[in-house]
Amino acid sequence: MCDYSLHAMATRPAEAGETLISTTFRGTSTRGFASERDPAVAVCMLPGTELAFAQDVKYDNRWIWTRTIGFRVGKFNTIDPHIKERHHDAIEFPDGSHVLVTQLCEGQRVTVLQLPVVHPIPERTTTKADTATPLSTG
């Protein structure tokens, strides 16, 4: 997923094994992930995508000081999807805490460790039992 404020931008899905960088997208005040080779394209992730940061994660609340979380691994997730017109993309850490992606400090490198398994809904096949004529009882 990509946050609502990035819907007008070029996007692509994340790929397992690639390294991305946290960035502020040109013409927006929104931060997200992009490839260093193509910083104008937002890289979108599905909830459950596992990430490894090169260093402890740094974030801010748009204040002067930044904070550091003592984790280098996290899982992409969304929070409060029922609240429209706000940022939902977040990183969930092993202790259950969350940081919005738009609050991540710029320039952090992150590797996509694993994409979530998405099971397609199988088509129902008709069996002989499904098409059998019910017996009449009387």
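What's counted below: heavy atoms across the whole structure, side chains too, no hydrogens, waters or symmetry copies.
Between Phe25 and Met9 the shortest side-chain heavy-atom distance falls below 4.5 Å. The shortest distance between side-chain heavy atoms of Val57 and Ile91 does not fall below 4.5 Å. Side-chain contact between Pro13 and Val43 is absent, with no heavy atoms from C-beta onward closer than 4.5 Å.
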Give the table of side-chain donor-acceptor pairs shorter than 3.5 Å for residues 104-113, with sequence neighbours excluded, one pair per line with atom names and distance.
unit_1, atom_1, unit_2, atom_2, d
Glu106, OE1, Thr24, N, 3.3
Glu106, OE2, Thr24, OG1, 3.3
Gln108, OE1, Lys58, N, 2.8
Gln108, NE2, Lys58, O, 2.7
Gln108, NE2, Cys105, O, 3.0
Arg109, NH2, Glu36, OE1, 3.3
Arg109, NH2, Glu36, OE2, 2.4
Thr111, OG1, Thr19, OG1, 3.3

Can you give me every donor-acceptor pair (side chain of residues 69-77, partner residue at least two apart or in another chain, under 3.5 Å) with its distance?
unit_1, atom_1, unit_2, atom_2, d
Arg72, NE, Asp56, OD1, 3.3
Arg72, NH1, Ala54, O, 3.4
Asn77, ND2, Glu92, OE1, 2.9

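To the nearest 0.5 Å, the span separating CG on Asp60 from CG on Leu100 amounts to 11.0 Å. The OG1 atom of Thr78 sits 14.0 Å away from the NE2 atom of His87 when rounded to the nearest 0.5 Å.
Linking Ile, Leu, Val, Met, Phe, Trp and Tyr residues whenever their side-chain heavy atoms come within less than 4.5 Å places Leu115 and Phe53 in a single cluster.
Scanning all heavy atoms of the two residues, the minimum distance from Arg12 to Glu18 falls at NH2-OE1, 2.6 Å. Listed here is the closest heavy atom pair of Leu46 and Pro116: CB-CG, 3.7 Å.
Using a distance-only test at 3.5 Å, with no hydrogens or angles considered, a donor-acceptor pair links the side chain of Thr28 to the main chain of Thr30. His88 places a side-chain N or O within donor-acceptor distance of the main-chain N or O of Ile83, the cut-off being under 3.5 Å.
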TODO: Might you work through the side chain to side chain contact (heavy atoms under 4.5 Å, CB included) test for Phe33 and Val101, ending with a clear yes or no?
DONE: CA-CA 8 Å; Phe33 294 110; Val101 171; 3.9 Å; yes
